[in-house]
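This report concerns only the one structure given below.
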Amino acid sequence: MFLQVFYANVALVMILIGFYCIASKRNLLKIVIGIEIITIGVNLNILAMGLMENSVEPLAQEMAIVSIAIGAAVAAVSLSILINVYRHYKTLDTRKLRRLRW
Amino acid sequence: MKAEEVVAGILLALLLIYVVAINPDIFRISRVGYSIEFKFEEKTYFIWTNRWVDVAIQAFMLFATATALSALFREEKVEEAEEEVVVEGGEG
Amino acid sequence: MNPMLPLLTLLGGSVATPLVGMFSRKIRFEKIRDAWAILAFLVTTCYFSYLIYSGKLPLYYAVKLEPSWASIEIRIDSFSAYMSLIFSFLGLMVSIYSVGYMSGETGLDEYYALLLTLVAGMIGVTMANDLFTLYVFWELMCISSYTLVSFRKHRWEAVEAGFKYLVMSTIGSLIALYSISLLYGIAGTLNFSELSQIISSGAESISTSTLYFIIAMIIAGFGVTAAIVPFHTWLPDAHPAAPSSISAMLSGVVIKTGAYVIFRSLYAVFFPTEFLYGHILILFGLLTMSVANIMVILQKDIKRFLAYSSIANMGYIILGLGVSTYIAHFYPSDIAAVSLALLGSLFHVLNHAVGKGLLFLGAGCFIKQAKTRNIAKLEGIGRKMPVSAVSFSVGLLNLAGVPPMSGFWSKFFIIIAMLSHPKDTLLHTSTIVFVVNILVAAGYYLWLLQRITLRKPGEQLSKIREVSPSMVIPVAILACICILLTLFIAPVLDLISGPVEALIGYLHKPEAIGGV
Amino acid sequence: MDMVIFHYLFSVLTIIFALITVELKDLLKSILAFAVMNIFVSVVFYLMGAPYVAVFQLSVYAGGVTVLLLAFMHVRGGEKSEG
């Protein structure tokens, strides 16, 4: 119970660090790293929600494993798009891109 | 620097919302028939019998990722005259 | 019939596409690969048509092994079958269109494989009865669509829009996954029927603010793909940058998948009779359509024009959902108005999928021949390309809501539902905003119609001819379907009453929906 | 009860390395900090009682994703720090 709340808070801190990274950094690679940090935080939250005495519920473990694989797939696709972005602009600075303002 | 301060403010607001919204008592209100004897480490076939659709779709997703990478790194022939793009300044 | 059949067809077809492509290059007849993709979509479309026609719904594929709360469940009810039919049918049209449209491009093996996985992901989202399985299918769909948006990677626009779409949509999915994990922490299961039982029975012991937080995160997370206004900024970049066939897919069905998940999770888990979020959804819908309709008028690029109008139409759909949940919360006895709002909303899903698919494919025909997306330079092109232009005009008239067309009726149903409680101030004022938006939208659609088809073509368009048959045929078929929807509106409404009843059924007998 | 100290320690280390990953200007060092963070995350998963997830985290993130990021740096060449 106590560890659950503790890890839920750690997961939230990780997610907020990821959001901060995406929102404030000017480098596209940092944005990808921020997405990965958010993914780690969400996985941590999934496991925290299923935390029992000395073990984690099976469903939570299965969800975390599949979620890790999904995160790796997203990282691979985003990096390959990023290589194509780099070929066009020769830079990773978000301010140099024409429409990438959100 | 201005933008980062705004971001920090938003994050603090989110944290406040979280603290107000989530109190620690939410956990484990009502578990449906969870038995403490059922441990994943001892019964790893669980993932193949009960949740095989997730794993199968994840495998197809890795296939889709591989396809995506080969599409994004394919050899491109010399580009011809493409459709013209209209860029409006200052919006979006 | 096995409910896994359409998924197996599409995913198996997707895996086999590179092999078929290799074979077709060996015998120097590359159309075999295109025919392969068309065949897979055709089988899926026939499957869902048969399923709806036979009426043997809902259909289960349930693994109920030892810990039954952790088993997956695949469930096709009439709502899923209806959405899946739209998805696979538009996939069929787009794959026929791609034979002519994509013929000059490289990497077509990957293109068809990703198109098949895209539709498989969407159909899986509609069929999953477990929130985590739904999330896995959702990511399958998302990964395919990121790549398809940046498929023409030699252009700066495509890769940039693809990256923007990837970042926003991934963050949305992760927010949704976070809320799913909180739900798991509350209930210990993710099966829709068990979740709804736990949440409605233990509602007083669960902190209500947490549940509202989860509802907000589900709407925000899946609303990124559904292009609700604060999260819509990826859409006007991604739709023009993608190939026109993929724009039709994205605008016609991918954003509808986001709307589907919001519909399903709100009605199946968080009953609108117990939770109050209808007014928020109404405000989001009004904001979405107002902002988008203002932005449409400023556009000079035809695909950006259509993209912003897609956002406006998503606003109508979200508004219909919001009205139905609002009425269900405050006037729970008025089932007629709730189902009328849902009927209008779901009918608009069909109308917009067919109509906007038609418009993007038609715009693709014009762009392919004229090599420009500037509306000013496309003026009068309709006179040179009669078949495409007539079909395009039918789509425009349909979405403009000119009275006999079906696009009029779907909005009309929502308005009737909103007017059913004349003393309610929120419904009353939002009706006015909605009607103003519809009139503005009709104005700019008719303005586009006038510029494309009625003006005299300029000098630079003098050598334009009609496009190849494989591009004209799907456009013409979609136009015929727009007209058929208008002519046979009664059977179509009968068809949509199935999904409406499925959603309404969640409200009134929550203990009977498990059905295992 | 002394196990709780390990939970605290590795959680704090994870957060510290996440902050280092975000704040470092040099992208190469930032990626290495990311790998170290993943190792600590997998230790946390192990302490929570999910050894399989820990193994997956270690092999997929600390191995695969880090190698992907480093390969991206190699393909890119040129500027090493964020502008």
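Just so it is clear: chains get the letters A, B, ... in the order the sequence lines come, proteins before strands, and each one is counted from 1. Basis for what follows: all heavy atoms, side chains included, without hydrogens, waters or symmetry-related copies.
Residues of residues 33-45 of chain A never come closer than 4.5 Å to chain B when only heavy atoms are counted.
Heavy-atom distances place the side chain of B:L62, and not its backbone, under 4.5 Å from chain A. Heavy atoms of A:L59 lying under 4.5 Å from chain B belong to its backbone as well as its side chain.
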Just do the side-chain contact (heavy atoms from CB on, under 4.5 Å) check on A:L51 and A:L47 with the steps written out, would you? CA-CA 6 Å; A:L51 194 60; A:L47 288 182; over 6 Å; no
One pair to check against side-chain contact (heavy atoms from CB on, under 4.5 Å): A:L28 and A:Y86. What are the steps and the verdict? CA-CA 10 Å; A:L28 292 176; A:Y86 187 75; over 6 Å; no
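Of the listed residues (A:S80, A:A73, A:A72), the greatest number of heavy-atom pairs within a distance under 4.5 Å of chain B belongs to A:S80. Counting heavy-atom pairs closer than 4.5 Å to chain A, the top-ranked of the candidates B:Q58, B:M61, B:R51 is B:R51.
Atom CD1 of A:I31 is separated from atom CZ of A:R26 by 9.5 Å, given to the nearest 0.5 angstrom. Note: A:Q61 CD to A:I46 CD1 = 12.0 Å, rounded to the nearest 0.5 Å. Here the CG-CD1 distance, from B:L69 to A:I83, works out to 9.0 Å after rounding to the nearest 0.5 Å. Going from atom CG of A:N9 over to atom CG of A:L16 covers 10.5 Å, rounded to the nearest 0.5 Å.
When side chains are defined from C-beta on, A:L79 counts as touching A:L29, because their heavy atoms get closer than 4.5 Å. At least one side-chain heavy atom of B:T67 sits under 4.5 Å from a side-chain heavy atom of B:F63.
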